[in-house]
Protein chains: 2
Amino acid sequence: MNTCIRVFADSIQISRCREDLKNKEESFLELADVLNLAGNAVRLKILYLLKQENELCPCDLSDILGMTVPAVSQHLKKLKDAGIVTTKKSGQTIFYSVEEQSQRIISSVLDLFNLPNTIPAL
Amino acid sequence: MNTCIRVFADSIQISRCREDLKNKEESFLELADVLNLAGNAVRLKILYLLKQENELCPCDLSDILGMTVPAVSQHLKKLKDAGIVTTKKSGQTIFYSVEEQSQRIISSVLDLFNLPNTIPAL
DNA sequence: ATAGTATTTAAGCAATTGCTTAAACAAAGG
DNA sequence: CCTTTGTTTAAGCAATTGCTTAAATACTAT
């Protein structure tokens, strides 16, 4: 059987942790969602560029990133569905920018860039 | 043809962005890797727990997280391969903890928790 | 209307993810 | 030695990802 309840397990510690996780379940899912979206090099670059340049259209992004417009558009859709970016129409061009309410978290994520090289295996 | 070079595109802006990205390519890949690993609710919880409790074994984690030991073990392997966590053997028990050199970035990632609810769509 | 430009959507597909179960390893104790 | 305990590895599989190409949509201007 797979009863891996360790002989020397600290059952108080385990229930405390379990309780703690239960209270924060929602937050974990939300944060993981954002990190997962940012955890793709293309999308991370898009977020960086949108923050840096204030706004950009799919066409320019595709040019900058060196990838097809549909590929970029699909990444933008994910970011928009998550409420991380927003759009502004100007003629037939659609400008994407970081949604105001998401600017703090996105800035914080991008600030991780500035940590001294902290990942040994990379 | 798919020549989506916009009529009103700012070609100076585009080359500047392209140049900028080129210089930071490596950093984008590294950061995206870390974010991608943290961008899974189970792994995010594991990192949170390891930081909080200092060290935990796969068995306890499986108990706390309510999932099978192999499932946990496979997540731990990914984190270890990336150099984010490290192990210490004690008898037949293996204790996992956050690798010292990764503690700053992991703490920063977990600090995103404490931002006021910034994700509109979630 | 018609053509051209900017964007999104859809369908297809190889690659990756994250679990499951079963088997293999490793360490300890009877 | 043999069994138990803690852990990892392997194989299988459904679901998801991220691209591709082609088609659809939307707006502009001739």
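In this text, all values refer to a predicted model and were calculated from it rather than measured experimentally. Within every chain, numbering begins at 1; the chains are lettered A, B, ... in the order of the sequence lines, protein sequences first and strands thereafter.
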### M67(B) vs H75(B) side-chain heavy atoms within contact, under 4.5 Å
yes
### Spacing of K89(B) atom NZ relative to dT8(D) atom C1', expressed in whole Å
11 Å
### Query
Could you state the CG-C1' distance from L61(A) to dT8(C), rounded to the nearest angstrom?
15 Å
### Message
Does K77(A) form a salt bridge (Lys or Arg N to Asp or Glu O under 4.0 Å) with D81(A)? I'd like the steps, not just the answer.
### Response
CA-CA 6 Å; K77(A) 184 179 187 336; D81(A) 286 348; 3.0 Å; yes
### Query
For DNA chain D, whose closest nucleotide is more 5', that of F95(B) or that of M67(A)?
F95(B)
### Task
Let me know, please, whether Q74(A) or Q92(A) comes out on the 5' side of the other along DNA chain D by nearest nucleotide.
Q74(A)
#### Entry: Option passing side-chain hydrogen bond (donor to acceptor under 3.5 Å, both in side chains) with D20(B) (candidates K24(B), R16(B), R18(B))
K24(B)
### Task
Flag yes if F95(A) and V69(A) sit in one hydrophobic cluster, no otherwise; membership is Ile, Leu, Val, Met, Phe, Trp, Tyr, and two members link when side-chain heavy atoms are under 4.5 Å apart.
no
### Query
Knowing that exactly one of T93(B), D63(B), L76(B) qualifies, which makes a side-chain contact (heavy atoms from CB on, under 4.5 Å) with C57(B)?
T93(B)
### Rounded distance (Å) that lies between atom C1' of dT7(D) and atom NZ of K88(B)
17 Å
### Message
With a 4.0 Å limit, can you tell me whether T68(B) has a side-chain N or O closer than that to the phosphate oxygens OP1/OP2 of dT20(C)?
### Response
yes
### Message
What is the distance, to the nearest angstrom, from the CZ atom on R43(A) to the P atom on dG18(D)?
### Response
4 Å
### Task
Figure out the NZ/C1' separation between K77(A) and dT7(C), and round it to whole Å.
13 Å
### Task
Please check the phosphate of dC19(C) (OP1 and OP2 only) for any side-chain N or O of H75(B) closer than 4.0 Å.
yes
## Note on the structure
Among the nucleotides dC19(C), dT8(D), dT17(D), whichever has the atom closest to the side chain of K78(A) is dT17(D)
### Summary
note: L76(A), atom CG; dT7(C), atom C1'; distance rounded to Å ~ 10 Å
### Query
Over how many whole Å does the gap from L37(A) atom CG to dT17(D) atom P extend?
9 Å
### Message
Looking at S73(B), I'd like to know whether one of its side-chain N or O atoms comes within less than 4.0 Å of OP1 or OP2 on dT8(D).
### Response
yes
#### Entry: Nearest-angstrom distance from the residue atom CG of N40(B) to P of dT16(C)
17 Å
### Query
If you look at every strand shown and take non-hydrogen atoms under 4.0 Å, does Y96(A) touch a base, only sugar-phosphate, or nothing?
sugar-phosphate
### Query
Side-chain N or O of T93(A) less than 4.0 angstrom from OP1 or OP2 on dA6(C)?
no
